[in-house]
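Note sheet for the following structure.
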Amino acid sequence: MKLLLVINSIPSSSTPEASPYRSKNRTALERVLEYALQIVSKESLILLGTEPLPEPLNGFRWILRPNWTLRDFLHVLRDVSAGYDTLVYVYGDCPFLDLSLTRKMLQNHDRYFADYTFADGYPYGLTPEILETRILEALERLVDNPQGPIQRDTLFTLISKDINSFDLETELSPVDLRYLRISLTTDTKRNRLLCLALDQENPTSAQDILTILQTKPEILRTVPAYLSVQITEKCPHRCTFCPYPLMGMDILQAEGFMPIESFSRVLDEGVRFCGDLVVGVSLWGEPSYYPNFPALCELVASYPETRFVVETSGIGWKEEDLNKAKDILGDRITWIVDLVTDQQEWYRSLRGEGFQESRRNMEILFSLFPQTSYVQAVRMEETEEGLEEFYRSWKARTPHIIIQKYDWFSGLLPQRKVTDLSPLHRFPCWHLKRDLTVLLDGSVPLCREDLKREHLLGNLFQQSIEEIWDRMGKVYLDHTRGAYPALCEKCDEYYTYNF
């Protein structure tokens with residue numbers, strides 16, 4: 001088979017690379033080029049990008065466009081692959097692409113007459129995608145949005161739309177590491193730090209990397225991905241499944257909120273330290289009661305690498321504020337409306353009044369944010385009987401449905417879970433690895449479960465985020481050794497994942 005290798009080196013506008021990756025005196029792209037030239041000759045190597053690069057990288061054949069769409073991408077692949085049988089496709093920010101694994105995939109691709117070959121169970125960034133050039137025209141016909149962006153899973157997503165029309169070959173990992181949710185790429189600060197830490201272990205093969213990732217969980221903790229912030233004290237309900245009413249205040253009448261200047265500092269510290277970041281404003285209290293919600297949206301909008309998440313009861317929203325949020329952030333804001341149940345009497349007993357208002361505001365959100373609005377129900381003893389009906393009724397309207405597990409907050413609430421979802425073997429807490437929780441006064445508890453503030457790590461209004469994150473890391477390291485403080489010992493949220 002005659003091979004063409006294409007390297008996608010188109011930068012991501014949402015996660016600009018503030019500090020380029022360089023390890024052992026080579027950039028990620030230089031390592032990918034070294035890998036590529038052991039598979040094809042220079043004449044059969046093409047790079048996709050947006051602007052010329054300095055020597056020695058501009059000695060290769062580049063196809064440059066200031067802005068790439070999905071249509072551009074597929075047209076270019078079809079044009080450059082004329083005269084070639086097979087296309088090997090990789091990204092230019094994957095410094096750990098494995099040559100022997102690639103050759104094995106190529107052999108199987110050829111032996112089994114596959115149209116498309118991919119790997120499954122490996123962390124992203126170790127293996128290429130391989131496809132026969134003859135299927136590119138068929139892939140173009142499967143495109144719904146020609147002006148849409150190119151994603152890392154674009155080829156697989158297109159093939160999945162008509163999967164029975166293609167012969168697929170899969171290279172299975174000897175151990176399934178998808179649960180780690182890691183990407184061995186250098187597109188974000190979080191991923192770059194992981195790649196640098198992995199490089200320090202001097203892996204020489206994909207198997208080495210798999211072993212390191214399983215035996216050294218400490219290198220998986222880099223910088224936070226999710227910043228959860230309390231912006232207001234007031235809440236419209238005393239929910240029976242929420243510990244907030246037990247925190248010693250009249251939450252129905254509370255008036256405290258985080259000043260916009262303080263929220264700005266929290267956001268600035270988070271972005272400075274983390275780069276890309278998901279910011280949630282629903283820690284405790286109902287975000288609709290914030291005095292100037294559009295101002296929060298304006299602040300988030302000033303950081304293009306951030307996404308905004310609002311979890312709400314659906315109570316208290318002004319339609320004017322929701323329209324402003326749409327104008328300011330568009331689809332960079334995600335809404336999760338906790339409807340609890342579709343049974344009005346159950347709703348009243350678990351949450352209180354507001355059943356109809358929550359549904360009216362859900363309709364407004366669906367009209368304004370159809371792609372980023374989610375309905376949510378809590379799975380617990382009191383709602384289990386009606387949960388399937390809830391799912392079926394909303395499934396007819398939207399695919400965006402979240403069934404949230406019940407959280408007993410380490411024993412603070414009665415245990416109402418229906419089934420035990422915890423893994424057979426405990427692993428270090430996802431939230432200590434990826435989340436940072438900030439209360440109204442700037443104080444940072446160990447996590448959301450630390451309601452009594454027994455493990456305060458510092459105050460983000462007064463200290464740097466690096467100092468606070470480092471203190472949390474000491475507890476995470478204890479987790480990696482199987483040692484847990486009392487709060488963590490009874491917690492069953494350690495395996496749940498936010499972002």
Side-chain angles (χ1 to χ4, degrees), residues 18 189-190 221-235 243-244 246-251 253-312 328-329 333 429 431-476 485 487 498-499:
K189 180 178 180 180
R190 186 174 307 102
R221 186 178 187 270
T222 54
V223 293
Y226 181 51
L227 190 62
S228 181
V229 187
Q230 181 188 20
I231 58 171
T232 180
E233 288 180 328
K234 189 174 181 179
C235 191
Y244 189 44
L246 306 177
M247 292 173 69
M249 70 177 77
D250 183 355
I251 62 173
Q253 303 298 324
E255 298 295 335
F257 65 93
M258 182 179 288
I260 194 70
E261 299 81 9
S262 299
F263 182 78
S264 178
R265 172 180 166 80
V266 170
L267 188 58
D268 187 62
E269 279 287 285
V271 173
R272 178 187 62 77
F273 182 49
C274 306
D276 68 312
L277 194 63
V278 177
V279 179
V281 288
S282 311
L283 178 57
W284 304 115
E286 169 53 62
S288 66
Y289 291 142
Y290 193 77
N292 191 353
F293 186 80
L296 299 179
C297 297
E298 293 279 6
L299 269 177
V300 173
S302 65
Y303 296 93
E305 59 270 51
T306 62
R307 288 185 292 147
F308 201 27
V309 175
V310 181
E311 186 173 349
T312 172
I328 296 166
L329 282 171
I333 184 170
C429 177
H431 304 289
L432 296 183
K433 186 194 296 186
R434 294 180 65 90
D435 299 356
L436 196 68
T437 298
V438 185
L439 298 173
L440 203 69
D441 61 359
S443 58
V444 179
L446 184 63
C447 63
R448 189 182 75 144
E449 310 292 301
D450 188 13
L451 294 160
K452 298 178 181 179
R453 303 190 183 201
E454 295 174 338
H455 303 274
L456 285 182
L457 304 168
N459 190 296
L460 202 50
F461 295 167
Q462 301 160 7
Q463 296 163 277
S464 71
I465 193 171
E466 289 93 339
E467 180 182 351
I468 293 169
W469 185 243
D470 185 59
R471 288 180 181 173
M472 185 189 293
K474 294 179 173 61
V475 183
Y476 176 82
L487 176 70
N498 287 321
F499 297 95

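The shortest distance between side-chain heavy atoms of Asn292 and Ile260 does not fall below 4.5 Å. Using a 4.5 Å heavy-atom threshold, the side chains of Leu436 and Leu227 count as touching. Side chains of Lys189 and Glu305 form no contact here, defined as non-hydrogen atoms less than 4.5 Å apart. Taking the side chain as every heavy atom from C-beta outward, Trp284 and Leu451 approach each other to under 4.5 Å. Side-chain contact between Asp435 and Ser228 is absent, with no heavy atoms from C-beta onward closer than 4.5 Å. Here the side chains of Ile231 and Leu296 are in contact, with some heavy-atom distance below 4.5 Å.
One N or O on the side chain of Tyr244 and one on the backbone of Glu233 form a donor-acceptor pair closer than 3.5 Å. Under the 3.5 Å distance criterion, the side-chain polar atoms of Asn459 are left unmatched by any main-chain donor or acceptor of Gln463. Judged purely by atom type and a 3.5 angstrom limit, Arg190 uses its side chain to pair as donor or acceptor with the backbone of Val223. Proximity of a side-chain donor or acceptor of Thr232 to a complementary backbone N or O of Gly285 within less than 3.5 Å is not detected. Although no hydrogens or angles enter the test, the distance criterion places no donor-acceptor pair under 3.5 Å between the side chain of Arg453 and the main chain of Pro445.
Of all the heavy atoms in Ile328 and Glu298, the pair that sits closest is CD1-OE2, 3.6 Å. Nearest heavy-atom pair, Phe461 versus Gly442, reported as atom, atom and distance to 0.1 Å: CE1-N, 3.4 Å. Of all heavy-atom pairs spanning Arg221 and Leu432, the tightest one is NE-O, 2.7 Å. For Leu283 against Val438, the heavy-atom pair with the smallest separation is CD2-O, 3.5 Å. Considering every non-hydrogen atom in both Leu277 and Tyr226, the closest pair reads CD1-N, 4.1 Å. When every heavy atom of Cys235 is checked against every heavy atom of Tyr289, the shortest pair comes out as C-CE1, 4.0 Å.
Atom CG of Leu439 is separated from atom CE of Met247 by 6.5 Å, given to the nearest 0.5 angstrom. Atom-to-atom distance recorded for Leu446:CG and His431:NE2 is 11.0 Å, nearest 0.5 angstrom. Note: Cys297 SG to Leu329 CG = 5.0 Å, rounded to the nearest 0.5 Å. Annotation: the span from Met472 atom CE to Lys474 atom NZ amounts to 12.0 Å, rounded to 0.5 Å.
Under 3.5 Å, the side chains of Ser464 and Glu269 contain no donor-acceptor pair of N or O atoms.
Using cut-offs of 30° and 60° for the angle between ring planes, the Tyr290 and Phe257 rings count as perpendicular. The aromatic rings of Phe293 and Phe308 lie parallel to each other, their planes meeting at an angle below 30°, with 60° marking the opposite boundary.
Pairs of residues two or more places apart, or lying in two chains, that qualify as side chain to side chain donor-acceptor pair (under 3.5 Å) and include a residue from residues 256-268 are Asp268-Tyr303.
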message = Set out, in order, the CA-CA distance, both residues' side-chain angles and the distance that settles side-chain contact (heavy atoms from CB on, under 4.5 Å) for Glu466 and Arg272, then state yes or no.
response = CA-CA 10 Å; Glu466 289 93 339; Arg272 178 187 62 77; 2.7 Å; yes
key: Leu460 vs Ile465, side-chain contact (heavy atoms from CB on, under 4.5 Å): CA-CA, chis, key distance, verdict   = CA-CA 6 Å; Leu460 202 50; Ile465 193 171; 3.8 Å; yes
query = Trp469 and Leu457: side-chain contact (heavy atoms from CB on, under 4.5 Å), yes or no, with the steps?
reply = CA-CA 8 Å; Trp469 185 243; Leu457 304 168; over 6 Å; no
query = Can His455 and Leu487 be said to form a side-chain contact (heavy atoms from CB on, under 4.5 Å), step by step?
reply = CA-CA 9 Å; His455 303 274; Leu487 176 70; 3.9 Å; yes
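With sequence neighbours excluded, no residue forms a ring-ring contact (aromatic ring centres under 6.0 Å, His included) with Phe263. Annotation: salt bridge (Lys or Arg N to Asp or Glu O under 4.0 Å) contacts of Arg448 (sequence neighbours excluded): Asp407.
In the displayed structure, Arg434 atom CZ is contacted under 6.0 Å by more than 12 heavy atoms of other residues, nucleotides or ligands.
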